[in-house]
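Note that the structure is a prediction, hence the values are computed from the model and not measured. Numbers here are sequence positions counted from 1.
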Amino acid sequence: MTRAEDTKADTTCLTGTLWTVYQVTELGQRTDLHDFLGTGIFSMAEREGGFAPLVFRLHGGAPQVVREVLLERGWEEYDEEEQEEGDWNLYWRSSGFRKLDYENILPWQRLNHHPKMSQITRKDCLARHMRRMKIAFGAALYDFSPAAFILPNEHTKFLGVYTKNRTTDRGKSHYWICKPVDLSRGRGIFLFEDIKDLVYDSSVIVQRYITNPLLISGYKFDLRIYVCVKSFSPLVIYMHQEGLVRFATEKFNLASLDSLYSHLTNTSINKFGMRYDTDKERVGRGCKWTMSRFRSFLHKQDVNELLLWHRISNIVTLTLLTAVPCVPSSPNCLELLGFDILIDASYKPWLLEVNYSPALSLDCPVDVTVKKGLISDIIDLMNYRMIDSFRQKGYHRKRSSRRYLRPEGFLLPKSLHATPSGCKSRNHSISSSSSSQDTLLCSVNNANCPFHANSKSIGDEKAPQNFVEIDSTRQSHRNTTSTIFKLPSLHVHKLKSTAVQLNSMTQDKSVPPCRVGDFILTFPFNEATWKASQDQADVKAIVNEVQKLTTRLATSFNEKERIKMESRQSIGVGDKFEPLLWGPKDPPLLSECFSLNSAK
């Protein structure tokens with residue numbers, strides 16, 4: 001037998017074995033890679049060649065905690081002098097990527113930013129979108145964003161509102177906060193009451209200042225909520241259970257508008273305050289709590305906790321909906337955002353801003369607790385699978401020139417080609433009963449990389465080192481065995497931008513898991529929202545579902561009314577979704593919240 005024939009025969013056997021694994025999964029058994037590593041084909045690779053670790057690539061300025069977590073998980077850092085250009089799995093940077101980076105992304109790679117996220121992370125863009133959504137869906141739904149004016153363009157409009165307030169309210173004080181539209185970490189922010197104190201030399205946003213914040217022992221605070229957007233088409237939102245509660249280090253006082261330590265909660269400012277290291281009443285040292293500690297505080301207050309958490313979740317969903325028409329679909333990307341939420345004295349949550357690349361520095365023990373777990377859960381959410389390590393690393397080492405994998409093909413470990421006895425007959429029986437049109441797919445999205453069109457995905461963060469390449473189309477086994485797999489031609493040159501077609505056919509359409517680590521799926525929450533968010537999102541239908549869910553949670557029903565509402569399945573009770581309520585220590589099912597709320 002020639003070398004080429006031997007390779008094809010081994011490949012046939014391997015694929016038959018893989019098909020067996022996926023057929024078992026299709027029968028309803030929840031098969032995970034770890035369940036068969038010790039007995040299946042991958043154990044051979046583990047014994048013979050070991051697994052190649054996943055590779056991460058960091059851009060200058062990327063947080064050190066990302067490097068630490070990935071190294072602890074067994075990843076390797078990318079070395080551009082030692083490794084091929086496409087031989088990495090995750091590229092993390094604090095700034096945005098170039099258009100070319102999105103166009104040239106390969107099936108096994110992930111980027112930590114979606115394109116055009118400035119649509120909601122720039123303060124002026126966010127204000128415009130909020131205004132547009134208020135007009136489209138009513139101010140009552142989008143009442144969580146304080147009135148805002150973009151200066152200098154809207155200076156005259158702001159002046160009119162300012163003058164009207166002074167005239168109609170008989171001299172009652174109104175306070176405003178001014179922020180540069182494109183700066184972060186509290187830079188350039190100031191408060192004012194009299195318009196003569198409004199001085200700026202760049203584009204700024206002026207918002208009505210919330211003068212009745214909820215205080216803890218007299219100290220103002222806000223919540224830093226970590227949100228991960230896996231996809232915008234369809235829209236998939238996860239919110240992390242753990243977050244930060246950020247305190248001002250001076251007691252709240254409207255008589256001293258110049259005291260930033262009293263009015264701003266940014267750590268980058270308060271860590272320089274005189275009282276930062278002092279033991280402040282109830283707050284303690286420093287200026288941060290974990291979200292877990294805040295839950296304990298909230299539990300002692302006279303407030304409907306479930307409704308408060310849901311309102312915050314709604315703010316995240318409704319805010320991200322404003323960006324859906326603007327952000328292009330980009331498979332293999334995800335976005336970590338920091339939502340800053342202020343709770344006022346009546347327990348109403350307000351959106352302050354949305355942060356791009358939220359700070360991940362480890363300034364105190366609270367940061368270590370929150371952020372290391374956050375990064376680890378993000379990696380799990382990216383859903384790396386064994387196929388993601390089937391890079392061309394081993395393939396390149398067998399050849400002198402750089403070559404890139406065609407998008408329609410995928411790599412399989414060469415060490416898996418040892419043919420166990422009886423393998424050919426088993427493969428023959430499996431293949432002959434399958435359709436000749438079945439296709440082997442390598443999904444460009446980060447959720448699935450199935451070998452069978454209808455199979456469940458399985459995966460791990462480890463993969464064999466040596467690979468061979470096979471074609472993506474499985475022909476009928478009734479054909480000659482020497483023609484079952486056709487080796488694709490290889491590009492000698494660098495991959496071009498058109499090589500991987502990022503269209504709807506390459507994206508994962510499976511229902512996302514309701515929980516990954518401490519990430520809770522908050523959208524979609526039922527089949528109606530899942531369907532409405534596909535391809536060209538139906539924002540109106542989504543908003544309608546959000547309103548129906550909010551109404552149910554906000555209203556106390558008697559038993560008869562509750563049963564009647566559940567029979568209508570207005571939020572999809574009984575469908576394939578089992579949504580959890582983000583926020584509580586042990587997130588309950590949304591369906592349970594209705595009965596809990598009606599009992600109050």
Novice: So do Leu90 and Tyr78 actually touch side chain to side chain, heavy atoms under 4.5 Å?
Specialist: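 SC-SC contact between Tyr78 and Leu90 ruled out.
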Novice: Between the main-chain N or O of Leu151 and the side-chain N or O of Glu154, is there a donor-acceptor pair closer than 3.5 Å?
Specialist: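 No; judged by distance alone, with no hydrogens or angles, the pair does not exist.
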Novice: Are Phe97 and Tyr91 close enough that their ring centers fall under 6.0 Å?
Specialist: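 Distance test on ring centres: under 6.0 Å, yes.
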Novice: For residues Trp530 and Ile542, determine if any side-chain heavy atom of one lies less than 4.5 Å from a side-chain heavy atom of the other.
Specialist: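 No, side chains not in contact.
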Novice: So do the side chains of Trp309 and Arg295 get within less than 4.5 Å of each other, counting heavy atoms only?
Specialist: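 Yes, close enough: below the 4.5 Å cut-off.
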Novice: Counting distance only, does the side-chain N/O of Glu578 pair as donor-acceptor with the main-chain N or O of Leu590 below 3.5 Å?
Specialist: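 Answer holds: no.
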Novice: Evaluate the criterion side-chain contact (heavy atoms from CB on, under 4.5 Å) for residue pair Tyr384 and Asn89; output intermediate values, then yes/no.
Specialist: CA-CA 9 Å; Tyr384 280 97; Asn89 298 91; 3.7 Å; yes
Novice: Distance under 6.0 Å and angle within 45° of the ring axis: does Arg67 meet both against Trp92?
Specialist: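 Judged by the rule (NZ or CZ under 6.0 Å from the ring centre, within 45° of its axis), Arg67 is not positioned above Trp92.
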Novice: Can you check whether His113 and Tyr356 have ring centres sitting under 6.0 Å from each other?
Specialist: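 That pair passes the under 6.0 Å test.
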Novice: Do you know the tightest heavy-atom contact between Ala127 and Ala148?
Specialist: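 Heavy-atom minimum between the residues: CB-CB, 4.2 Å.
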Novice: Tell me the closest heavy-atom pair linking Gly74 and Pro53, and the distance in Å.
Specialist: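 Between these two residues, the closest heavy atoms are O-CB, 3.3 Å.
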Novice: Any sub-3.5 Å donor-acceptor pair from Lys230's side-chain atoms to Leu381's backbone N or O?
Specialist: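 Here the side-chain-to-backbone pair exists.
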Novice: Could you tell me if Ser292 and Glu242 have a donor-acceptor pair between their side chains, going purely by distance under 3.5 Å?
Specialist: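 Judged by distance alone, the side chains do pair up.
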Novice: Restricting to non-hydrogen atoms, name the atom on Val327 and the atom on Met117 that form the minimum distance, rounded to 0.1 Å.
Specialist: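 Closest heavy-atom pair between Val327 and Met117: CG2-SD, 4.2 Å.
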Novice: Looking at Phe339, I'd like to know if the NZ or CZ of Arg224 sits under 6.0 Å from its six-membered ring centre while staying within 45 degrees of the ring's axis.
Specialist: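 Ring-cation test returns no.
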Novice: Which residues pass the salt bridge (charged side-chain N to carboxylate O under 4.0 Å, His left out) test with Arg132, not counting sequence neighbours?
Specialist: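 Testing Arg132 for salt bridge (charged side-chain N to carboxylate O under 4.0 Å, His left out), a comparison that skips the adjacent residues, returns none.
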Novice: Can you tell whether the side chains of Arg515 and Asp377 come within less than 4.0 Å, N to carboxylate O?
Specialist: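 Asp377 and Arg515: not salt-bridged.
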Novice: Do Asp340 and Arg246 sit within salt-bridge range, that is, some charged N less than 4.0 Å from a carboxylate O?
Specialist: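 Yes, this pair counts.
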Novice: Working to the nearest 0.5 Å, report the span between CG of Leu321 and OH of Tyr142.
Specialist: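 Reported to 0.5 Å precision, the distance equals 5.0 Å.
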Novice: Going through the checks in order, is the side-chain contact (heavy atoms from CB on, under 4.5 Å) test met by Leu581 and His310?
Specialist: CA-CA 7 Å; Leu581 176 66; His310 176 67; 3.9 Å; yes
Novice: Is it true that Trp582 and Phe519 have ring centroids separated by less than 6.0 Å?
Specialist: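 When the ring centroids of Trp582 and Phe519 are compared, they turn out to be at least 6.0 Å apart.
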Novice: Return the minimal non-hydrogen interatomic distance between Ser361 and Asp367, and the atom names on each side.
Specialist: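 Where Ser361 meets Asp367 most closely, the heavy atoms are O-OD2, 3.5 Å.
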Novice: To the nearest 0.5 Å, what is the distance between NZ on Lys531 and OG on Ser533?
Specialist: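 Answer for the NZ-OG pair, Lys531 versus Ser533, is 11.5 Å.
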Novice: What are the two closest heavy atoms between Asn266 and Arg185, and how far apart are they?
Specialist: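 Residues Asn266 and Arg185, closest heavy atoms: ND2-C, 3.6 Å.
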Novice: Salt-bridge test for Glu353 and Lys179: reply yes if a basic N is under 4.0 Å from a carboxylate O, no otherwise.
Specialist: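 Yes.
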Novice: Can you sort out the partners of Lys585 under salt bridge (charged side-chain N to carboxylate O under 4.0 Å, His left out), two or more places apart, ordered by chain and number?
Specialist: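 None.
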Novice: Can you check whether Glu77's main-chain N or O pairs, donor with acceptor, with Trp88's side chain at less than 3.5 Å?
Specialist: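 The answer is no, because no donor-acceptor pair under 3.5 Å joins these two groups.
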Novice: Verify the neighbour count for atom CZ of Arg311: are there more than 12 heavy atoms of other residues, nucleotides or ligands below 6.0 Å?
Specialist: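 Result for CZ/Arg311: open.
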Novice: Decide salt bridge (Lys or Arg N to Asp or Glu O under 4.0 Å) for Glu76 and Arg57; before the verdict, give the C-alpha distance in whole Å, the side-chain angles of both, and the deciding distance to 0.1 Å.
Specialist: CA-CA 9 Å; Glu76 284 185 357; Arg57 181 179 180 181; over 6 Å; no
Novice: Ile520 vs Tyr238, test: side-chain contact (heavy atoms from CB on, under 4.5 Å). Steps then yes/no.
Specialist: CA-CA 5 Å; Ile520 305 297; Tyr238 284 88; 5.8 Å; no
Novice: Can you establish whether the number of heavy atoms outside Lys348 located under 6.0 Å from its atom NZ is more than 12?
Specialist: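 Buried by this count: over 12 neighbours within 6.0 Å.
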Novice: Please work out which of the three classes, parallel, tilted or perpendicular, describes the rings of Trp75 and Phe56, given edges at 30° and 60°.
Specialist: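 Because their plane-to-plane angle lies in the 30° to 60° range, the rings of Phe56 and Trp75 count as tilted.
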Novice: Is it the case that the side chains of Asp124 and Ser203 hold a donor-acceptor pair, with the cut-off being a distance below 3.5 Å and no angle test?
Specialist: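 Checked: Ser203/Asp124 side chains show no N/O donor-acceptor pair below 3.5 Å.
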Novice: Rounded at 0.5 Å granularity, tell me how far CD1 in Ile341 sits from CG in Leu352.
Specialist: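 It is 7.0 Å, given to the nearest 0.5 Å.
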Novice: Let me confirm one number: the CG-OG1 distance from Asp538 to Thr529, rounded to the nearest 0.5 Å.
Specialist: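 So the CG of Asp538 and the OG1 of Thr529 are separated by 11.5 Å.
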Novice: Salt bridge between Glu72 and Lys372, side-chain N to carboxylate O under 4.0 Å?
Specialist: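 Salt bridge present between Glu72 and Lys372.
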Novice: Keeping the roles fixed (side chain from Glu335, backbone from His114), state whether a donor-acceptor pair exists under 3.5 Å.
Specialist: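 Yes, Glu335 side chain to His114 backbone: donor-acceptor pair under 3.5 Å.
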Novice: How long is the gap from CG on Leu337 to OG1 on Thr319, to the nearest 0.5 Å?
Specialist: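 Spacing of CG (Leu337) from OG1 (Thr319) equals 10.5 Å.
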Novice: Given side chains that start at C-beta, do those of Leu318 and Phe144 come closer than 4.5 Å, heavy atoms only?
Specialist: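 Counting from C-beta outward, Leu318 and Phe144 do come under 4.5 Å.
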Novice: Report the C-alpha distance between Ile379 and Leu70 in whole Å, list the side-chain angles of each, state the deciding distance to 0.1 Å, and finish with yes or no for side-chain contact (heavy atoms from CB on, under 4.5 Å).
Specialist: CA-CA 8 Å; Ile379 304 305; Leu70 290 172; 3.6 Å; yes
Novice: Looking at side-chain heavy atoms only, is the closest gap between Tyr226 and Pro358 below 4.5 Å?
Specialist: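 Yes, at least one pair of side-chain atoms sits under 4.5 Å.
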Novice: Given side chains that start at C-beta, do those of Met382 and Ile378 come closer than 4.5 Å, heavy atoms only?
Specialist: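 When only atoms from C-beta onward are counted, Ile378 and Met382 do touch, with a gap below 4.5 Å.
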Novice: Indicate yes or no: at least one non-hydrogen side-chain atom of Leu235 is less than 4.5 angstrom from one of Val229.
Specialist: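 They are in side-chain contact.
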Novice: What heavy-atom pair brings Arg73 and Ser376 nearest, and what distance separates the two atoms?
Specialist: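 What the structure gives for the nearest pair is NH1-OG, 2.8 Å.
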Novice: Side chains of Val227 and Ile237: does their closest heavy-atom pair fall under 4.5 Å?
Specialist: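 In short, these two side chains touch, coming nearer than 4.5 Å.
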Novice: Judged by atom type as modelled, is there a donor-acceptor pair below 3.5 Å linking the side chain of Lys371 to the main-chain atoms of Ala359?
Specialist: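 Such a contact is found between Lys371 side chain and Ala359 backbone.
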Novice: Counting distance only, does the side-chain N/O of Ser330 pair as donor-acceptor with the main-chain N or O of Cys333 below 3.5 Å?
Specialist: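 Not confirmed, Ser330 side chain does not pair with Cys333 backbone.
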Novice: Nearest 0.5 Å, what's the OG1-CE distance between Thr322 and Met130?
Specialist: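 The distance works out to 5.0 Å.
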